[in-house]
Amino acid sequence: MGSLGFASINLPKFSSPVKKPIVVSTWDSGMPVNAEAWKILSNSGKSVDAVEAGAIYIENDINCCVGLGGFPDRDGIVTLDACIMDEKANCGAVAGLEQIKHPISVARKVMESTPHVILVGAGAQQFALENGFKLEEKKLSDDATKAYKEWLIKSKYQPEINIENKKQNGPFAPNFFDDGTANHDTMGLVAMDVNSDLSGAVTTSGMAYKIHGRVGDSPIIGAGLFVDNEIGAATSSGVGEEVIRICGTHLVVEFMRNGYSPEMACKKACERIVNRDRKKAATLQVGFLALNKKGEYGAYAIQKGFVFSVKSNDENQIHSSKFLI
Ligand code: ASP
């Protein structure tokens with residue numbers, strides 16, 4: 001028992017020096033995102049500013065599957081989800097946001113200037129416009145237009161996310177470009193700054209050809225992103241419904257609180273999904289990525305193919321995640 005009479009919380013104890021600053025992000029597209037975040041982190045900036053800057057960077061890339069260049073829903077409309085969380089557990093999110101270029105900054109505005117956590121749809125757009133964000137043209141990128149036209153031929157509603165080890169035109173063809181590269185449509189990044197403060201951000205156009213109005217894990221605090229400044233932070237990519245069902249990133253952080261390394265914590269969260277329904281899990285992909293208070297990182301995925309990007313004083317590279325199936 002602690003001196004106040006409470007049972008003491010079992011916080012992980014760190015012996016070696018903390019690696020900071022550091023930023024880790026989902027997918028190989030995380031490399032330039034990390035570079036952007038690093039400009040802030042390496043100048044002793046705050047992790048919350050760094051993760052927002054990284055997300056803004058990728059939202060600006062109209063050829064990327066994140067932001068307004070992303071894939072539309074089954075009605076041909078791009079709807080964006082984003083969230084942000086800082087070291088004080090302040091958080092903000094938007095879901096189903098249309099025609100606004102930087103959902104991450106709207107999410108930050110929700111966090112900083114409202115008493116709420118999530119705004120959705122038309123209300124989120126109205127809030128964005130009231131706060132000086134510009135209404136963009138309703139237009140699909142060339143890649144998205146092409147893919148959407150192909151998808152329309154069958155209009156098969158199959159909300160399965162790309163499984164990256166299937167580098168062929170198989171049942172997941174709509175999620176692949178002609179060159180066989182996969183559609184990675186979620187950017188999640190978590191960072192620790194020089195003050196050891198953790199923050200995270202997620203931005204996405206969500207699952208391609210989803211039902212209009214569908215919200216995935218990405219803007220849900222505890223599903224697509226969770227930060228606990230005492231323990232660590234985690235983010236996810238993949239079939240959002242599966243992540244929501246297990247409160248995925250909250251679970252990863254809780255596993256780290258119980259002493260698991262980031263990689264093992266991510267593995268155990270993947271196992272939670274797989275053990276519920278092995279057959280179903282074989283048809284889908286979920287990947288978790290985590291960073292602890294010591295600056296240690298790790299990831300795990302259900303299937304082969306999940307990669308993540310790391311930037312610290314020691315490294316700047318892409319890693320392949322281990323996988324269960
Ligand atoms: N998690 C996202 C969603 O379900 C999709 C993704 O990660 O690619 O909307």
Side-chain angles (χ1 to χ4, degrees), residues 24-30 33 55 58-59 61 64-67 69-74 77-83 93-98 103-104 107 118 120-121 143-144 147 157-166 172 174-177 181-190 200-226 234-252 266 269-270 273 280-281 283-289 299-303 305-309 321 323:
V24 299
S25 56
T26 54
W27 305 113
D28 43 359
S29 50
V33 167
I58 199 146
E59 286 170 351
D61 185 354
C64 174
C65 303
V66 165
F71 287 84
D73 61 24
R74 68 178 185 176
I77 303 165
V78 176
T79 62
L80 304 177
D81 299 337
C83 74
V94 288
L97 181 62
E98 292 177 34
I104 194 64
I118 309 183
V120 304
D143 277 336
Y157 186 58
Q158 187 182 25
E160 281 167 305
I161 214 79
N162 43 273
I163 295 175
E164 294 75 14
N165 55 344
K166 294 196 174 181
F172 307 100
N175 285 319
F176 286 86
F177 298 121
T181 54
N183 142 31
H184 304 316
D185 40 17
T186 295
M187 171 50 56
L189 66 160
V190 292
V202 180
T203 185
T204 188
S205 54
M207 191 181 280
Y209 320 122
K210 60 195 176 187
I211 291 177
H212 186 64
R214 175 263 187 191
V215 175
D217 58 325
S218 307
I220 309 288
I221 299 298
L225 175 70
F226 195 68
T235 186
S236 62
S237 189
V239 178
E241 284 73 5
E242 300 307 315
V243 178
I244 291 172
R245 278 188 189 103
I246 63 158
C247 297
T249 54
H250 182 262
L251 186 63
V252 169
C266 292
C270 289
I273 297 171
K280 186 177 173 199
T283 68
L284 54 86
Q285 174 67 308
V286 167
F288 290 106
L289 170 63
Y300 228 91
I302 295 179
Q303 313 273 348
F306 182 48
V307 299
F308 61 99
S309 305
S321 150
F323 53 95

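Values below: all heavy atoms of this structure, side chains included; hydrogens, waters and symmetry mates excluded. Counting starts at 1 for both ligands and their atoms, following the listed order.
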Checklist entry - Should the proximity of Gln285 to ligand 1, defined as any heavy atom under 4.0 Å, be assigned to the side chain, the backbone, both, or neither? => result neither

Checklist outcome for this item: If we number the atoms of ligand 1 from 1 as shown, the ones under 4.0 Å from a heavy atom of Gly240 are 4 (O)

Checklist entry - Can you find a side-chain donor-acceptor pair between Ser218 and Asp81 that sits under 3.5 Å? => result no

Next on the checklist: List ligand 1 atoms under 4.0 Å from Met207, heavy atoms only on the residue side.
Outcome noted: 9 (O)

Next on the checklist: Quick one, Thr235 and Leu189 - any side-chain contact, counting heavy atoms below 4.5 Å?
Outcome noted: no

Next on the checklist: For ligand 1 and Thr204, I'd like to know whether there is a polar contact (N/O to N/O, distance under 3.5 Å).
Outcome noted: no

Checklist entry - Just which atoms of ligand 1 are under 4.0 Å from any heavy atom in Ser218? => result 1 (N), 2 (C)

Checklist entry - Does Thr203 use its side chain to pair, donor to acceptor, with the backbone of Val66 at less than 3.5 Å? => result no

Next on the checklist: Could you check whether any side-chain heavy atom of Cys83 comes within less than 4.5 Å of a side-chain heavy atom of Ile221, counting everything from C-beta outward?
Outcome noted: yes

Checklist entry - Do Asp73 and Arg214 touch side chain to side chain, with heavy atoms closer than 4.5 Å? => result no

Checklist outcome for this item: Min over Glu242, Glu241, Arg214 of heavy-atom distance to atom 4 (O) of ligand 1 lands on Arg214

Checklist entry - Against heavy atoms of Asp217, which atoms of ligand 1 measure under 4.0 Å? => result 1 (N), 2 (C), 3 (C), 4 (O)

Checklist outcome for this item: The atoms of ligand 1 lying under 4.0 Å from a heavy atom of Gly206, numbered in the order shown, are 9 (O)

Checklist entry - Looking at side-chain heavy atoms only, is the closest gap between Phe288 and Val243 below 4.5 Å? => result yes

Checklist outcome for this item: Under 4.0 Å from one or more heavy atoms of Gly238, ligand 1 contributes atoms 1 (N), 2 (C), 3 (C), 4 (O), 5 (C), 6 (C), 7 (O)

Checklist entry - Under a 4.5 Å cut-off applied to non-hydrogen side-chain atoms, are Tyr209 and Pro72 in contact? => result yes

Next on the checklist: Within the 4.0 Å heavy-atom shell around Thr186, which atoms of ligand 1 are there?
Outcome noted: 1 (N), 2 (C), 5 (C), 6 (C), 7 (O), 8 (O)

Checklist entry - Is there a side-chain contact between Trp27 and Val307 (heavy atoms, below 4.5 Å)? => result yes

Next on the checklist: List ligand 1 atoms under 4.0 Å from Ser237, heavy atoms only on the residue side.
Outcome noted: 6 (C), 7 (O), 8 (O)

